[in-house]
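Down below is the structure, laid out as structure tokens.
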Amino acid sequence: MQDAPALRHGWRPSWAVGRIDWRRMRSWHWPGVLSRSLAAVLGGYAVAALAATALALWLPTSRAEAVLTGTMLSFALYAGAVLWVFAAASALRAWVGLLLPAALLGALVWLGGGAG
Amino acid sequence: MKQGFRQCMAWLHTWSGLLVGWILFAVFLTGTASYFRGEISDWMRPELHAPAAGGEPAILAIETLKRLAPDSPTWFVFPPGERNSELRVVWRNPPGKPTPPGSRGFGNMVLDPATGEPVTARESYGGEFFYRFHFQLHMPPLWGRWVVGFCAMMMLVAIISGVITHRRIFADFFTFRPGKGAGRSWLDAHNALAVLALPYHLMITYTGLITLMLMYMPWGVQAVYKGDRGGFQAEVFGVAPPVRRANQPAPLAPVGPLLEEAMRRWGGPPGRIEVQQPGDASAIIRLTRRDSEQISSNPQTLTFDGVRGTLLGASGEPGAAAATRGVAYGLHLGRFASPLVRALFVLSGLAGTAMVATGLVLWAAKQRHRHARAGRAGFGLRLVEALNLGTIAGLPTAMLGYFWANRLLPLHLADRADWEVYCFFLLWGLAALQALFWPGLRSWATQFAAAALLGLLLPVLNLLTTHRHLGVSLPAGDWAMAGTDLLVAAFGLLLGLLSWRLFRRAGRAPVTRPVRGAGLARAEGA
Amino acid sequence: MAALGFGLAYAGFLGLCLAMDRHHAELLRGRPAAGRRWLLRGVGWLLLGLSLLPCLALWGVGIGIVAWLGLLTVAAYSLVHLIPYAPRLALWLGPLLPLAGLALSLAPT
């Protein structure tokens, strides 16, 4: 992707100079942005919560330790999910990339008996 | 495609930072002030004396509690430490006894550490106000904590995406070019503040989330303990659930020998003494180690039989995850004994505050640069500039005004503590109004000048209104009082320098009608 | 001890900074030769590593590492601010700060 202003002023990152070219980033019209924001905030939280629960149920340590580990790690996973959502090539891919791990983690939680 | 990824991250960094930037600024600044929570509380109750050589305050407090709350099921004593001279007792009111609204069933009193008698200090929330504000924003606790948690999550995302965006992170490591126009200096400053204190920013954001993690992420506890949070806490911290009353009167064991035992084991006095079922045969006394002596704030406790005074148990070594949580918690609170380490935390906290502020100003500067040709600022830009001015300059003014309110409000005003808080918001509101109606460089300069005056003159106000001014507190080594006076004055000096530079810039900038959104950016462009 | 840690950290950052073309030109004129660049870089990293030791000695491992990161931040920040405003002072402080720190930590208390 061409980024002429950034090349001219090599010392500063592109965002300091040029605006993001919305036409080139096809899925970045506002429905796309809205969809991604929802995916990031709600979907990301769901993935993080499922991961925290799955780790709490399955980590091979004492249950208190497992719960603490899962809960503490969940925020990093949340941040990772948000980055993924906004880095994905399209909003659709972003959602799919959240739903797959969510399904997997959900299955783990269900098997671990945490759903009841 | 690599460029595309970086652009996405730049977009994410800009918006995740901008949307919550003003709240983050407030959280960072009041959070940094909270490093001095104890000192500010002391400063705001000048009637309390520094601990005098006398009886052991904790023993005196227990004697007072025997009179004040003989039928309470639980007493707590917080003895004065190096960082605060306050001796506070809290007790749970017996069930079925009517309590004043808002007290949540607890009684709460400050005692004179020399005599153990209740003192009548002025009503004030002290440093507690800033501390609570930094995680619940003076909103209903549940709402406030979720809002701050959301903003902290956005901050975490902004930090990571910012690092990805900043491709010349090492090449520009030492770069700072003041006085260059068009947002370049703001960008340099933002980068330097962010990169050089990056470990602190990451640490304080993540550990902040961890301090309230059971509220934000209760699902693990929910699934494994089926919602039994008490059982979870007991397993993590090794603290037994409260004892049951035996309903057999028995005198409480003397506390002195227990304090000596704690001293012998920890090398310091406890930070908290808890007595369960005092005056009953089932009584226990639990001492908790003061958290300034270790990096972790996992509570270390000694539990004694409350009648015989024998040691019943000491909290064991926590597991790896519990220890990690304790370290995270302790790092966030930063209650270290060493003044130098605390100073480093305070400086890093100020760097974080300034990082958020420069980020917000940078956004406005870039937008204004872009709009310069169009001749008129859009609504978004004007909104951001008003919010920037109202927050970045308005909040320090309001915080310093809170100190003034503490000294100037009549001592016996009803709901005095609440009025101090109203003054804080009143000043902040005025600053916001100025930002709305008179945006521009001059308003920035005058607001910083006002804040600088409030800060610089605070020691003078203290001299006029109390007998514990610098002339007394410095020779006496009364550091809570003198330190607060001096640090606030130093902060005022800093704001004064800022204001002076802004006034000079405003004088040089082309004379424009001071309407419709001329911000800091105008001088930058000029 | 803390002053020694700070001085070493400052000197270390100064070394790394001088190993860069732009800052070498700003502070000493000209570009550094390859050998000199590697020397500066090596000494810089070595001093940064050494600055950890006083912190560990003073505060122990846990708080020591925390304090060290804080000292690094303040040292780097001082350097970054001195370069545009007082480049000669920035340079001179490189050897002076560690020496002063050493003197302070050896001085009888």
Side-chain angles (χ1 to χ4, degrees), chain B residues 35 168 170-180 184-185 188-189 191-204 207 291-298 323-324 326-328 330-352 354-355, chain C residues 1-6 9-10 12-27 40-41 44-45 48 51 54-87 90-91 94 101 104-105:
Chain B
Y35 286 133
R168 293 171 55 86
F170 294 110
D172 278 348
F173 197 84
F174 299 105
T175 302
F176 177 53
R177 288 156 295 191
K180 304 251 174 144
R184 195 191 291 199
S185 302
D188 279 349
N191 285 344
L193 288 162
V195 172
L196 299 183
L198 188 62
Y200 174 85
H201 300 324
L202 265 179
M203 178 281 284
I204 208 71
T207 56
D291 49 13
S292 66
E293 287 169 4
Q294 42 173 3
I295 195 165
S296 163
S297 84
N298 258 343
T324 309
V327 168
L331 278 174
H332 191 86
L333 264 61
R335 285 196 199 144
F336 304 117
S338 157
L340 190 66
V341 181
R342 277 177 63 212
L344 292 173
F345 267 63
V346 172
L347 286 177
S348 303
L350 285 176
M355 167 186 73
Chain C
M1 271 304 199
L4 179 61
F6 178 78
Y10 181 89
F13 277 125
L14 185 64
L16 293 182
C17 177
L18 286 175
M20 293 169 156
D21 283 349
R22 174 151 38 103
H23 300 299
H24 193 277
E26 268 173 329
L27 294 170
L40 284 167
R41 200 167 284 168
W45 282 112
L48 282 188
S51 68
C55 296
L56 292 184
L58 192 55
W59 287 298
V61 176
I63 296 185
I65 292 176
V66 175
W68 179 60
L69 288 172
L71 276 184
L72 288 186
T73 295
V74 177
Y77 208 68
S78 321
L79 177 62
V80 165
H81 264 265
L82 281 174
I83 292 173
Y85 292 112
L91 213 52
L104 273 176
S105 57

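Quick note on labels: first sequence line is chain A, next is B, and so on, each numbered from 1.
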### Message
How close do C:A2 and C:L71 get, counting heavy atoms only, and between which atoms?
### Response
O-CD1, 3.9 Å
### Summary
Scanning both residues in full, the closest heavy-atom pair of B:A194 with B:H201 reads O-CD2, 3.4 Å
### Query
Which answer fits C:L16, side chain, backbone, both or neither, if we ask what part of it has an atom under 4.5 Å from a heavy atom of chain B?
both
### Message
Taking C:V74's backbone N and O only, do any of them form a donor-acceptor pair with C:Y10's side chain (distance below 3.5 Å, no angle check)?
### Response
no
### Query
For B:L196, is it the side chain, the backbone, both or neither that has a heavy atom under 4.5 Å from a heavy atom of chain C?
both
### Side chain C:H24, main chain C:L18, donor-acceptor under 3.5 Å
no
### Task
State, with a plain yes or no, whether a side-chain heavy atom of C:F13 is found less than 4.5 Å away from one of B:F173.
yes
### Query
Which answer fits C:L58, side chain, backbone, both or neither, if we ask what part of it has an atom under 4.5 Å from a heavy atom of chain B?
neither
### Query
At a heavy-atom separation under 4.5 Å, does B:L193 approach chain C through its side chain, its backbone, both, or neither?
both
## Note on the structure
If one checks every heavy atom of B:F345 against chain C at 4.5 Å, the contacting part turns out to be side chain
### Task
Against chain C, label B:F174 side chain, backbone, both or neither, depending on which of its atoms sit under 4.5 Å from a heavy atom there.
both
### B:N191 and B:T175, any side-chain heavy atoms less than 4.5 Å apart
no
### Summary
Under 4.5 Å to a heavy atom of chain B? For C:Y85 that would be side chain
